[in-house]
> 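If you scroll down you'll find the structure; I have some questions about it.
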Amino acid sequence: MSIAVFDSGMGGLSVLHEARERLPGENFLYYADTLHVPYGTKPKEVVKDCVMTSIRHIMEQPERVSAIVIACNTATSIAIQDIRAAYSIPVIGMEPAVKPAVEWNRNTGRRVLVTATPLTLRESKYHELINRVDDQAIVDSLPLPGLVELCEGLRFEGEDVDAYFRKAFRGFQLEEYGTIVLGCTHFPFYRKALRALLPKHIRLVDGSRGTVNRLLEVLGRTTASEIERGDVRFVSSDGSESYVRKLETALKLYALMAKDEEARA
């Protein structure tokens, strides 16, 4: 049995890493829809078709799948209800970590900036979330569509990355913000680059831990006692072996980034 982790590309590796840390003995199937990445700039119905096709392919893989983690905020907002209606196994979705960000900043006088893909920020699911938790109107939103393409090119730092962020943040008084929400699973790859550019007091948060907490809850697991580490098999929708190798490389890089973050904290 395997737990499937699905994303349009390599962004979901940030969730896969968290899941493997918390469930080291589990086997994982990571499926990237490389035929259609990125999702966040495409029309809603196109994305829904891509997602449903990908989930069908996941269910057709040789290993039996015990649960599916939709490690993509855009795919979750567009298709989570359709996926759950079509399949009986547990399906875990994601949403931007707005609730904890608002709670952290509620009494500080600082604002929250949610970064995500354009499609995620347009969807009713996101606006319903904001209406539900942002009772002080402290949340602002910023689409960062180009960051997905940088990530897919394994460009995690450097002048082109810094220039992209400087342009994106132009017009924002960053001193006013206490937390930036990384509302796309590609974005946690940029924690180091962001820390170098942002005021030191700003906290970065993403939804990976909350998503994996929900996965453990659904599976009835609380602790990881396994000694032997499970396997990960990577699949790309275009059948590209070179992309599979890129996923393997990116997962290792992300693990190093996460270790540096942990040491910093």
Side-chain angles (χ1 to χ4, degrees), residues 1-8 11-31 51-52 54-55 58-59 61 63-104 106 112 114 116 120 123 125-126 128-134 179 181-188 203-233 251 254-255 258 261-262 265:
M1 297 287 285
S2 293
I3 297 170
V5 178
F6 164 70
D7 185 38
S8 60
L13 294 175
S14 58
V15 182
L16 175 63
H17 171 78
E18 180 74 18
R20 293 192 78 208
E21 289 297 298
R22 306 280 294 283
L23 293 166
E26 294 287 340
N27 295 321
F28 288 89
L29 167 69
Y30 186 90
Y31 187 98
V51 173
M52 297 307 293
S54 294
I55 300 302
I58 287 172
M59 297 304 292
Q61 295 300 308
E63 57 264 66
R64 290 179 60 199
V65 172
S66 59
I68 301 175
V69 179
I70 310 299
C72 173
N73 290 273
T74 300
T76 297
S77 64
I78 295 297
I80 189 74
Q81 293 180 346
D82 297 82
I83 300 168
R84 286 173 173 161
Y87 300 98
S88 59
I89 64 172
V91 179
I92 313 301
M94 295 196 73
E95 66 179 17
V98 179
K99 184 177 179 180
V102 168
E103 290 174 353
W104 292 334
R106 186 179 301 279
V112 172
V114 180
T120 293
E123 275 302 293
K125 191 173 188 295
Y126 174 71
E128 289 166 4
L129 172 64
I130 297 299
N131 291 336
R132 189 169 69 248
V133 304
D134 185 22
T179 303
V181 177
L182 307 177
C184 169
T185 53
H186 285 79
F187 295 1
R203 189 172 188 169
L204 302 175
V205 63
D206 66 81
S208 296
R209 179 167 291 274
T211 299
V212 175
N213 284 345
R214 178 58 181 159
L215 174 64
L216 266 66
E217 181 182 341
V218 167
L219 295 178
R221 302 281 294 279
T222 54
T223 58
S225 58
E226 300 87 346
I227 298 175
E228 187 173 346
R229 200 162 181 81
D231 295 325
V232 179
R233 187 169 76 90
L251 182 59
Y254 189 82
E261 277 288 311
E262 187 177 337

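Given the structure is predicted, the values throughout are model-derived calculations rather than measurements.
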> I need the minimum non-hydrogen distance between A86 and M52, along with the two atoms involved.
CB-CE, 4.3 Å

> Please enumerate all residues that pass side chain to side chain contact (heavy atoms under 4.5 Å, CB included) together with S8, with sequence neighbours excluded.
V37, Y39, H186

> Sequence neighbours left out, what passes side-chain hydrogen bond (donor to acceptor under 3.5 Å, both in side chains) with Y31? Give chain and number order.
H57

> What residues form a salt bridge (charged side-chain N to carboxylate O under 4.0 Å, His left out) with E128, not counting sequence neighbours?
none

> Can you tell me how far the CD atom of E26 sits from the CE atom of M1, to the nearest 0.5 Å?
9.0 Å

> Is the backbone N or O of L182 less than 3.5 Å from a side-chain atom of D206, with the two atoms forming a donor-acceptor pair by type?
no

> For R106, enumerate each residue passing the side-chain hydrogen bond (donor to acceptor under 3.5 Å, both in side chains) test, keeping only those at least two apart in sequence or located in another chain.
D135

> Going by salt bridge (charged side-chain N to carboxylate O under 4.0 Å, His left out), name the residues that satisfy it together with K125, two or more places apart in sequence or in a different chain.
E95

> Before you tell me yes or no, could you show the steps for V51 and F6 under side-chain contact (heavy atoms from CB on, under 4.5 Å), namely the whole-Å CA-CA distance, both residues' side-chain angles and the distance that decides it to 0.1 Å?
CA-CA 9 Å; V51 173; F6 164 70; 4.0 Å; yes

> Could you please spell out the steps behind the side-chain contact (heavy atoms from CB on, under 4.5 Å) verdict for I55 and I70?
CA-CA 9 Å; I55 300 302; I70 310 299; 3.8 Å; yes

> Sequence neighbours left out, what pairs pass salt bridge (charged side-chain N to carboxylate O under 4.0 Å, His left out) with at least one residue falling in residues 66-87?
K48-D82

> With the side chain counted from C-beta on, respond yes when L251 and R20 share a heavy-atom pair under 4.5 Å apart, and no when they do not.
yes

> I need the minimum non-hydrogen distance between P96 and N73, along with the two atoms involved.
N-OD1, 3.1 Å

> Of all residues at least two apart in sequence or in a different chain, which pass the salt bridge (charged side-chain N to carboxylate O under 4.0 Å, His left out) check with R203?
none

> With sequence neighbours excluded, tell me which residues meet salt bridge (charged side-chain N to carboxylate O under 4.0 Å, His left out) with E103.
none

> Measuring from atom CG of D134 to atom NZ of K99, what distance do you get when rounded to the nearest 0.5 angstrom?
13.5 Å

> Name all residues meeting the side chain to side chain contact (heavy atoms under 4.5 Å, CB included) criterion together with A116; count only those two or more places apart in sequence or in a different chain, and write none if there are none.
T120, L121

> Can you find a side-chain donor-acceptor pair between R22 and N213 that sits under 3.5 Å?
yes

> Would you say the side-chain atoms of Y254 pair up with the backbone N or O of P188, donor to acceptor, closer than 3.5 Å?
no

> Closest heavy-atom contact between A101 and V112?
O-CG2, 3.6 Å

> Given side chains that start at C-beta, do those of I92 and T211 come closer than 4.5 Å, heavy atoms only?
yes

> For Q81, give me all partners under side-chain hydrogen bond (donor to acceptor under 3.5 Å, both in side chains), at least two apart in sequence or on another chain.
none

> So, using side-chain hydrogen bond (donor to acceptor under 3.5 Å, both in side chains) as the criterion, who are the partners of S77 when residues are at least two apart?
none

> Quick one: closest heavy-atom pair of T185 and G12, and the distance?
OG1-N, 3.5 Å

> Determine the minimum heavy-atom distance between V5 and A71, stating which atoms define it.
CG1-CB, 3.7 Å

> First locate atom CG of L215, then atom OG of S208, and finally report the distance between them rounded to the nearest 0.5 Å.
12.0 Å

> Keeping T76 on the side-chain end and M94 on the backbone end, is there a donor-acceptor pair under 3.5 Å?
yes

> Applying side-chain contact (heavy atoms from CB on, under 4.5 Å) between I89 and each of I68, I3, I83, report the one that passes.
I68

> Keeping D231 on the side-chain end and N27 on the backbone end, is there a donor-acceptor pair under 3.5 Å?
no

> Quick check: closest heavy atoms across V181 and A97, and the distance to 0.1 Å?
CG1-N, 3.5 Å

> Excluding sequence neighbours, so at least two apart, what forms ring-ring contact (aromatic ring centres under 6.0 Å, His included) with Y126?
none

